[in-house]
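Notes to accompany the following structure.
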Amino acid sequence: MFGDLWRSNGSRSADFDWFRQVMDEFFPQATSDIRSVPRGTFPMINMGRTEDAVLVYVFAPGLTSDELDVSVQDNVLTLHGRRSSVADEGERQQRAYYRQERFSGEFSRSVTLPDGVDTERAEAKAANGLVEIHLPKREEMKPRRVEIKTA
């Protein structure tokens with residue numbers, strides 16, 4: 001096991017990728033940050049904010065709105081669904097794949113939302129494999145203009 005730690009027979013980039021993989025295996029939570037997700041995470045999301053709302057964009061190509069369930073509970077957004085196979089089960093068993101990167105089956109993904117989101121007024125709309133979830137901010141969390149009075 002530790003003999004592999006001294007291996008170095010490639011480019012610097014390949015060595016760095018190998019080292020990161022080793023560190024991920026030893027410390028799975030320590031080497032990731034808010035901008036990274038494990039390989040194969042589905043569906044991918046972008047989350048941002050405006051003055052009035054938090055917006056979540058879910059990239060789910062090939063899924064219909066019936067195949068994706070969106071729920072919010074205790075300030076956690078959960079995406080759950082099932083992605084069907086490209087080929088039917090019988091055809092898939094007869095094929096010899098050289099590479100298969102698109103998975104099929106059930107998936108579930110949960111992300112914590114920022115504080116101040118009014119989950120009761122959440123809305124979602126889908127078009128062309130992109131689901132936009134609009135989560136308005138509570139009124140007390142929105143910035144307000146303070147009038148300056150002259151003395």
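Values below: every heavy atom of this structure, side chains too, minus hydrogens, waters and symmetry copies. Everything numeric here is computed off the predicted structure, so don't read it as measured data.
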Hey, can you pull the donor-acceptor pairs under 3.5 Å for the side chains in residues 113-122, sequence neighbours left out?
unit_1	atom_1	unit_2	atom_2	d
D118	OD1	E120	N	3.3
D118	OD2	R121	NE	2.8

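- The environment of Q73 atom CD is sparse: at most 12 non-hydrogen atoms of other residues, nucleotides or ligands sit within 6.0 angstrom.
- Closest heavy-atom contact between K137 and R49: NZ-CD, 4.2 Å.
- H80 and F107 have tilted rings, their planes meeting at an angle from 30° to 60° on a 0 to 90° scale.
- Residues F42 and L79 have side chains not in contact (no heavy-atom distance under 4.5 Å, counting atoms from C-beta outward).
- Note on V76 and M47: separate hydrophobic clusters, where clusters join Ile, Leu, Val, Met, Phe, Trp and Tyr whose side-chain heavy atoms are under 4.5 Å apart, directly or indirectly.
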Side-chain donor-acceptor distances from residues 50-62 under 3.5 Å, at least two apart:
unit_1	atom_1	unit_2	atom_2	d
T50	OG1	D52	N	3.2
T50	OG1	A53	N	3.1
T50	OG1	A53	O	3.4

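- Here the CZ atom belonging to R82 is positioned 5.5 Å from the CD atom belonging to E106, to the nearest 0.5 angstrom.
- With a 4.5 Å cut-off on side-chain heavy atoms, V70 and L68 count as touching.
- The shortest distance between side-chain heavy atoms of R83 and L63 falls below 4.5 Å.
- No side-chain heavy atom of N128 sits less than 4.5 Å from a side-chain heavy atom of L130.
- With a 4.5 Å cut-off on side-chain heavy atoms, T78 and V72 do not count as touching.
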